[in-house]
Amino acid sequence: MKRVATASRTFPRPWLPGFFAVVLACSACRAGDVHSLAALVPDDVGLCVEVRNLAGQFDEYQTGELYRRVSQFPALERFLAKNGAKVSKLADEIHRQTGLSTEEILRKLLGKRFLLAFWPDSAAFAKGQPGPAILIFESTDGDLLGRAVERLLDAERAAGWRVVPRQWRHGGATHVIYRIEPGPKDPPVFLATSGAMGIIATDERAIATAIAFHKGARPTRALADLPAYASGVGRLNPDAVLQMFVNPRAWKELLDACAKDGQVPAVQRSLLEAFQKSEYLVASLQLAPKFVLEGFLRTDLVVASPVAGGSLAPREELAERLPAAAIVALAGRIDLASLVGGFFRERAAKAASGANAPIAARDRLDVTALTALTSGRGYDAVAALAERKSTAGPADKTGTAKGAVPLDWAIGVDTSSILAEDRPLVAQGLDPLVRAGLTAAIVAFNRQGHNVRIESSEQQGVPLASVEGVSVAAEPGETAASTSLGPFYWAGSSRDAVRDAARLEASESLASVTHFQAMANPRLRGRTHLAYFQLGTLRELLAAADAPTSQLGAADAPRPTAGRDNDLVEILKLADRLLFEARVDHEGIAVSTTLAAEPRR
């Protein structure tokens, strides 16, 4: 239905923007019905957002701890205090025009499912106007919908708006499409119903197409029949409150115009070009029983390793390299060959062919060298922050500065190749290289009157090298320690931190923790990046220390005054654990963010 995408329509000012605001602000449900309203819009849509089972699933969200904390979030309380009168006025206006309360709109009118679709339009954007759009909602009560539409039309007529009904016959049935004209300078809006389904659009043909789809006709291909849509939505959380699909091809004309704009910075222009080359972008949101936001970008910019037939070396799950007691844990797996191939693919092709498009000898050398150096190279990097183990007593008796939190950190890098048959060449030279660098730094430091030295030791079979003489860690007299075990190189804030990281067993790792397992996204198996934050433990540690952020602790602590830092403190109170996961592979980029909150004891 390409003609819909070329229409330039906007919504009337008095009531419809508020109506859409209510729709978008109240997306608190999970998918309950497998049938999708995407079967009622053409496949040339640029953006499609669908929400299902709002009435039933909002109740589940309200019973959760996350809802309680969000409802008491100071920033939200301040917003409602400032804008509460406007919100009430909007609700009153909607009630006056439709005869429905906000509760009835959310539970009955929009309570089953609704969809908002949008078509990008370069001409409309050039005028500062939105492109064509359509809202389709299926009510739980068809009679209620009919009465609300009649009352709405009467209210528009009373306000001096022109309401023009037009009969449209399809499949032996007659449907009425209302053209609502707010004024001579305002574009019209179209409204129609089909049984319990209501449709609001900026183009009459969009409504006619939706009704035809609803009655079984197929004048053009529907979005639900688009292979990219089926593939993308199939990757999303089936229990999601909201599902979003973005079709990059529909934005081509608009993005081409932006990319050619000389005022657009080079980085942004590169991102626009990358988006144009993608097949689709999908995202979903789940609010109950935990908050889960996930997305997937299908793109060919991330390519597989160019080494044909190479077998990948078996490696531990990233979370198995992180300690179970970690308050903050970070891990990433980098396939350098894929990274170089994605960003330099075009230049590499030119260098290989040496034809048509000329390439400088220096560029050809750079590409050749990068390909050789990264062929089969991929490294794991992990970092963990955990509470310092100490037998010397409370933190204030171990030399910890007043107000500081006694934490240990450890960082590890797997220097082996991603190819099983390759030897860990980097690891063989990394340890002496690091020691040489430390030695040079210590010599320069001691010239300033200090007495810093490297001492070697062994703890439980783990060889360690520690830097003594300067206290920047929690314990005095020791700054850091390091060790190299096979392909893994470790560095940390103390001997204990490095030794424990080097000897970590899978049964003692983050992967074995029940809370982590419950948060891990099953659709991101084989994750290549993760970040885990134990917010509850972090709050307890900060509360125990005499630190400015001690208000992170008790639930009944006094509310801080407004400010950027205090807003961050309050944001951290919203959940007990945060997990970010990502998988970057030859199919694209998948990400997931999960927040979990437990009732306070």
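These numbers come from the heavy atoms of this one structure, side chains and all, not from hydrogens, waters or symmetry mates. Counting begins at 1 with the first residue of the sequence.
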Name the orientation class of the two ring planes belonging to W168 and H175 (parallel below 30°, tilted from 30 to 60°, perpendicular beyond 60°).
tilted

Under the ring-ring contact (aromatic ring centres under 6.0 Å, His included) test, residues paired with Y178 that sit two or more places apart:
none

Just by modelled atom types, is the L100 backbone N or O under 3.5 Å from a matching donor or acceptor in the K108 side chain?
no

From L530 atom CG to S592 atom OG, the distance as rounded to the nearest 0.5 Å
11.5 Å

Hey, is the main chain of G183 close enough, under 3.5 Å, to the side chain of E181 for a donor-acceptor pair?
no

E204 side-chain N/O to F190 backbone N/O, donor-acceptor pair under 3.5 Å
no

For V591 and A582 the tightest heavy-atom approach is CG1-CB, 4.0 Å

Checking T102 side chain against A91 main chain: does a donor-acceptor pair fall under 3.5 Å?
no

Please report the shortest heavy-atom distance between A206 and I134, naming the atom on each side.
O-CD1, 3.8 Å

Contacts of type ring-ring contact (aromatic ring centres under 6.0 Å, His included), residue F533, not counting sequence neighbours
none

Contacts of type salt bridge (Lys or Arg N to Asp or Glu O under 4.0 Å), residue R577, not counting sequence neighbours:
E598

Evaluate the side-chain hydrogen bond (donor to acceptor under 3.5 Å, both in side chains) criterion for residues E294 and N521: first the C-alpha distance (whole Å), next the side-chain angles of each, then the deciding distance (0.1 Å), finally the verdict.
CA-CA 9 Å; E294 61 183 71; N521 193 324; 3.0 Å; yes

To the nearest 0.5 Å, how far apart are OG in S231 and CZ in R298?
7.5 Å

Any donor-acceptor pair under 3.5 Å linking the side chain of S88 with the backbone of A85?
no

Is there a side-chain contact between K215 and S194 (heavy atoms, below 4.5 Å)?
yes

Kindly indicate, with the supporting measurements, whether the criterion side-chain contact (heavy atoms from CB on, under 4.5 Å) is fulfilled by R107 and D59.
CA-CA 10 Å; R107 291 190 173 275; D59 291 336; 2.5 Å; yes

Show your reasoning for whether side-chain contact (heavy atoms from CB on, under 4.5 Å) applies to W119 and D203.
CA-CA 11 Å; W119 286 263; D203 190 280; over 6 Å; no

Rounded to the nearest 0.5 Å, what's the gap from CD on Q286 to CG on L293? Could you check?
11.0 Å

Is there side-chain contact between R523 and P238, with at least one heavy-atom pair below 4.5 Å?
yes

Under the ring-ring contact (aromatic ring centres under 6.0 Å, His included) test, which residues partner F291, sequence neighbours left out?
none

Kindly determine whether D225 and D43 satisfy side-chain contact (heavy atoms from CB on, under 4.5 Å), including the steps that lead there.
CA-CA 8 Å; D225 300 327; D43 65 355; over 6 Å; no

Under the side-chain contact (heavy atoms from CB on, under 4.5 Å) criterion, do R179 and R162 qualify, and how do the steps go?
CA-CA 8 Å; R179 177 188 176 98; R162 186 183 179 195; over 6 Å; no

Return yes if some donor-acceptor pair links the side-chain N/O of S101 with the main-chain N/O of E104 below 3.5 Å, else return no.
yes

Please round to the nearest 0.5 Å and tell me the distance separating atom OG1 of T299 and atom NZ of K277.
9.0 Å

Side chains of V45 and N247: closer than 4.5 Å at any heavy-atom pair?
no

Between side-chain atoms of residues 147-154 and protein atoms elsewhere (two or more places apart, or another chain), which donor-acceptor pairs fall under 3.5 Å?
unit_1	atom_1	unit_2	atom_2	d
R151	NE	R96	O	3.4
D154	OD1	R157	NH1	3.1

N/O donor-acceptor pair under 3.5 Å between T98 side chain and I94 backbone:
yes

Residue pair D239 / N237: nearest heavy atoms and the distance that separates them
N-OD1, 2.9 Å

Looking only at non-hydrogen atoms, find the nearest pair between P42 and T209 and report the distance.
CG-CG2, 4.1 Å

Contact between P187 and T202 at the side-chain level, heavy atoms closer than 4.5 Å - yes or no?
no

Is there a donor-acceptor contact under 3.5 Å from the side chain of R69 to the main chain of K573?
yes

Quick one: are V282 and Q243 in side-chain contact, heavy atoms under 4.5 Å?
no

Can you label the angle between the Y280 ring and the F296 ring as parallel, tilted or perpendicular, going by 30° and 60°?
tilted

Is there a side-chain contact between I211 and I199 in this structure, where contact means two heavy atoms from C-beta onward sitting under 4.5 Å apart?
yes

Parallel, tilted or perpendicular: which describes the rings of W251 and F118, with under 30° parallel and over 60° perpendicular?
tilted

Atom pair OG1 (T594) and CZ (F516), whose distance is rounded to the nearest 0.5 Å:
10.0 Å

Find out whether L287 and Y67 are in side-chain contact, i.e. whether some heavy atom of one side chain is under 4.5 Å from a heavy atom of the other.
no

I need the R52 CZ to L110 CG distance, nearest 0.5 Å.
15.5 Å

For residues L37 and L115, report the shortest heavy-atom separation together with the two atoms involved.
C-CD1, 3.6 Å

Holding to salt bridge (Lys or Arg N to Asp or Glu O under 4.0 Å), I want the full list of residues that pass it with R583, two or more places apart in sequence or in another chain.
D585

Any donor and acceptor pair, going by atom type alone, linking the side chain of E138 with main-chain N or O of G198 inside 3.5 Å?
no

Do L579 and H515 make a side-chain contact, defined as non-hydrogen atoms from C-beta onward lying under 4.5 Å apart?
no

Ignoring hydrogens, what is the shortest heavy-atom contact between I136 and L40? Give both atom names and the distance.
CD1-CB, 3.9 Å

